[in-house]
Structures are given as structure tokens and as C-alpha cells.
2 protein chains.
Amino acid sequence: MDRKNLQDTAPRLPIGMLSRRTGCNIETIRYYEKIGLLPAPARSDGGHRLYGHGHLMRLGFVRRARELGFTLDEIRALLRLAEDRDRPCAEAREVAAAHLTDIRTKIADLQAMESVLADTVVRCADGKTPECPLLETLFGSIDPSASG
Amino acid sequence: MDRKNLQDTAPRLPIGMLSRRTGCNIETIRYYEKIGLLPAPARSDGGHRLYGHGHLMRLGFVRRARELGFTLDEIRALLRLAEDRDRPCAEAREVAAAHLTDIRTKIADLQAMESVLADTVVRCADGKTPECPLLETLFGSIDPSASG
DNA sequence: CTTGAACCTGTAGCCACTACAGATCCTATC
DNA sequence: GATAGGATCTGTAGTGGCTACAGGTTCAAG
């Protein structure tokens with residue numbers, strides 16, 4: 001069985017089933033269809049969506065990529081690479097490497113926030129300063145006498 | 001001079017000046033006014049906003065708090081505490097402590113993403129696997145033969 | 001009095017969903 | 001075949017925290 005057969009769309013699963021199988025909200029699934037991330041599935045006579053195995057795999061891919069913080073645009077690119085089996089690895093690595101840089105930047109930013117806040121909260125807990133250290137920190141160092 | 005005199009709104013600065021002094025976009029300043037985070041300033045005869053020292057301090061406060069990742073709602077709460085000088089420290093500490101927890105959760109989440117991705121990118125770079133390790137990771141372990 | 005920068009209001013867009021409202025369909029039971 | 005109620009349908013609007021216009025008015029310098 002080819003796990004990457006994204007073209008297999010033989011209609012089987014209604015949307016609620018797909019939702020349960022992937023852990024993805026029904027609304028989100030419809031949203032992914034609307035923005036073209038998930039191809040429109042077959043419909044029952046009454047108009048209900050019926051998904052195939054390809055949809056299941058594709059949505060699983062999207063969910064996993066989201067868990068790793070990829071944006072929907074990045075995921076779109078990765079899906080294209082997954083379909084084009086010729087030269088995906090180098091390009092996929094590029095997408096991932098760029099994303100990794102983003103993540104590391106975010107971690108660094110959050111760690112900077114964390115250290116300032118942790119320090120401030122400790123000083124608040126001390127109760128050794130007359131003013132609230134947190135509020136003092138936030139009032140910061142704008143000099144109101146400087147001319148703009 | 002009391003740095004916390006947020007009530008001083010004697011009209012002096014036009015919005016562009018306030019923007020330059022605080023590093024906050026003009027659009028953002030107007031947005032903060034619209035959502036009630038920054039009080040509406042005086043106006044010139046022609047209708048241009050004229051800000052006072054209190055606005056400068058308040059907006060500085062907001063910007064610093066944003067840099068520490070506080071949400072606008074949290075900042076609203078902190079500003080209320082800053083105005084009410086009686087029992088702010090314990091409550092401000094609570095707001096900050098809750099936010100600190102959020103930040104630490106986010107850091108942990110990002111570090112989890114980082115380690116998976118860093119590992120995968122390295123394996124991509126190896127070129128030792130026939131398939132692309134990144135795409136393999138994203139195709140994950142959904143078992144299509146399991147019944148939903 | 002003219003120029004052009006600064007400012008005004010209001011609306012729409014961004015991302016990635018989420019939450020309805022109000023209608024229709026599907027399936028199981030009687 | 002009727003009925004109940006869960007599942008699904010479409011479409012719209014809201015979230016947070018801005019940002020980007022369009023199309024108009026005002027301000028300050030020369």
C-alpha cells in the first residue's frame with residue numbers, strides 16, 4: 001500500500017468520521033477545502049461530503065505540519081513537493097530550515113520575555129520594594145522632558 | 001515629577017510625534033483609542049489629535065507590556081492596577097505569573113517543534129535515506145486500514 | 001496663496017481558525 | 001411510512017492585534 005497515494009479519493013468517509021480520524025475540527029476541514037488546501041471530495045446524493053483515503057492522508061499531513069508550526073502556505077508548498085516525487089528533498093529541507101530559523105527566533109524572543117518577567121515576578125513576591133516592581137518596569141524609561 | 005500621572009492630558013503632541021516618541025505606529029495608536037486602551041485626546045480646531053504627557057506614558061506602558069507578550073486585555077488590567085495605587089502589587093504579580101506560565105508553555109511547545117524539525121532537517125541533509133525524511137515524518141502514522 | 005506633508009474617517013485585509021443560525025439530510029426505530 | 005434526532009449543509013461574522021489602503025481635510029513653511 002502506497003502511503004502517499006494522495007490521488008485516491010474513493011468516497012467512503014463522511015466529514016465527522018474524517019474529523020475523528022484526524023483530530024481535525026469539522027469546521028477546519030471545510031475551511032481547508034475552501035482555501036484549497038484539501039481537494040473538494042465527492043458528495044452523497046443529498047450533498048454530504050464523502051472522503052477517500054487520499055483525503056485522510058493529506059489531512060493527516062496538514063495536521064502534523066501544523067503541529068510543527070508550519071504555516072498553511074508552507075504546508076501548501078510541502079504538499080506540492082510531496083506530490084512531485086522527483087526533487088523534493090532539497091526543497092523540503094529548505095522550507096523546513098527556514099521554518100526552523102523562525103522557531104528559534106521565537107524561542108529566543110520568548111526566553112527574553114521569560115527572563116525579564118520571571119525576575120520581575122520574583123521582585124514582586126519579595127515585597128521589599130515600596131512600589132510594584134512589575135508596574136515600575138512597565139513604566140520604563142521614556143523621558144518626558146525630552147523634546148520630540 | 002510623577003511618572004505615573006496618567007491623568008495629565010494637556011494637549012501638546014500630534015499623533016506623528018507620539019508615534020515617533022513611542023515607536024508605535026500611527027494606525028496602532030488610533031486602534032488603541034478605538035478599543036479603549038488609550039483615552040481619546042484633545043483635538044485641534046481642525047480635528048487633529050493632540051496628546052499630553054499622560055498619553056505618552058500610558059502608550060509607553062502599553063508598548064513595553066506588548067514587548068513582554070502581554071495581551072491587550074492583560075494590559076488593560078495592569079493599567080487599572082497602575083491607576084489604583086492601593087493594592088496593585090499582589091494582583092499585578094498574579095497577572096504576570098499567569099502570563100509567565102503561558103510563555104513557558106509556548107517555549108516548551110516551540111522547543112518540541114524545534115527538536116523534531118532540527119532532527120529531520122539533519123536527516124534530510126544526510127541524503128542517506130531514499131525517501132525525504134521530512135515528508136516521511138509529516139505523512140506520519142495514520143493507519144488507513146483501521147475502521148473509524 | 002500654494003504646496004506638500006501630516007492628519008482625518010472608514011473600511012477591508014491578514015492568519016488560522018471558531019462559532020453560530022437556520023436549513024437539510026441520513027439513519028434507526030416504531 | 002412516519003418520526004426523531006443526530007449529522008451535515010451553506011453562509012456569515014467574530015477572534016487578536018494590528019496593517020493597509022482610499023479619498024478627503026488640515027497644518028505649517030515659504
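Order of the sequence lines fixes the chain letters, A, B, ..., with proteins taken first and strands second; residue numbering starts at 1 for each chain.
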(Q) Measuring to OP1 and OP2 of dC15(C), would you say a side-chain N or O of Thr71(A) lies under 4.0 angstrom away? (A) no
(Q) Judged by each residue's nearest nucleotide on DNA chain C, which is more toward the 5′ side, Phe70(A) or Gly16(B)? (A) Gly16(B)
Q: Could you tell me whether the phosphate oxygens of dT19(D), OP1 or OP2, come under 4.0 Å of any side-chain nitrogen or oxygen in Thr28(B)?
A: yes
Q. Within the structure shown, what part of the strands sits under 4.0 Å from Ile26(B) by heavy-atom distance: base, sugar-phosphate, or nothing?
A. sugar-phosphate
Q) Relative to the 5' end of DNA chain C, which residue comes earlier, Gly46(A) or Tyr32(A), by the nucleotide with the nearest heavy atom? A) Tyr32(A)
Q | First of Arg66(B) and Glu27(A) reached from the 5' end of DNA chain D, by closest nucleotide | A | Glu27(A)
Q | Any Arg49(B) side-chain heavy atom under 4.5 Å of Pro14(B) side chain | A | no
**Q.** Salt bridge Lys106(B)-Asp109(B), side-chain N to carboxylate O under 4.0 Å
**A.** no
Q | Length of the line joining Asn25(B):CG and dT19(D):P, which is rounded to integer Å | A | 5 Å
Q | d(CZ, Arg43(B); C1', dT25(D)) in whole Å | A | 13 Å
Q: Starting from C1' on dC8(C), measure out to CD on Glu33(B) and report it in whole angstrom.
A: 11 Å
Q.
In whole Å, I'd like the distance from the CG atom of Asp102(B) to the C1' atom of dG16(D).
A. 14 Å
Q: Can you tell me the distance, in whole Å, between the CG atom of Leu18(B) and the P atom of dC7(C)?
A: 10 Å
Q.
Does a side-chain N or O of Arg63(A) approach OP1 or OP2 of dA16(C) to a distance below 4.0 Å, or not?
A. no
Q: Report yes if a side-chain nitrogen or oxygen of Arg76(A) is closer than 4.0 Å to either non-bridging phosphate oxygen (OP1 or OP2) of dC15(C); otherwise report no.
A: no
Q. Counting side-chain heavy atoms from CB outward, which of dT8(D), dC8(C), dA16(C) is closest to Arg30(B)?
A. dC8(C)
Q. Does Asp119(A) come within less than 4.0 Å of Arg123(A), counting only side-chain N to carboxylate O?
A. yes
Q: Figure out the CG/P separation between Asp45(A) and dC26(C), and round it to whole Å.
A: 7 Å
(Q) Is there a side-chain hydrogen bond (donor to acceptor under 3.5 Å, both in side chains) between Tyr51(A) and Arg58(A)? Walk through the geometry before answering. (A) CA-CA 11 Å; Tyr51(A) 294 94; Arg58(A) 199 176 169 101; over 6 Å; no
(Q) Given dT26(D), dC9(D), dC26(C), identify the nucleotide with an atom nearest to the side chain of His48(B). (A) dT26(D)
(Q) Just to be sure I understand the rule, does Arg49(A) reach a base, reach only the sugar-phosphate, or reach nothing, if contact means heavy atoms closer than 4.0 Å? (A) sugar-phosphate
Q. Rounding to a whole Å, what distance do you find between Leu59(B):CG and dC18(D):C1'?
A. 14 Å
Q: Please state how far atom CG in Leu13(B) lies from atom C1' in dC27(D), giving the value in whole angstrom units.
A: 16 Å
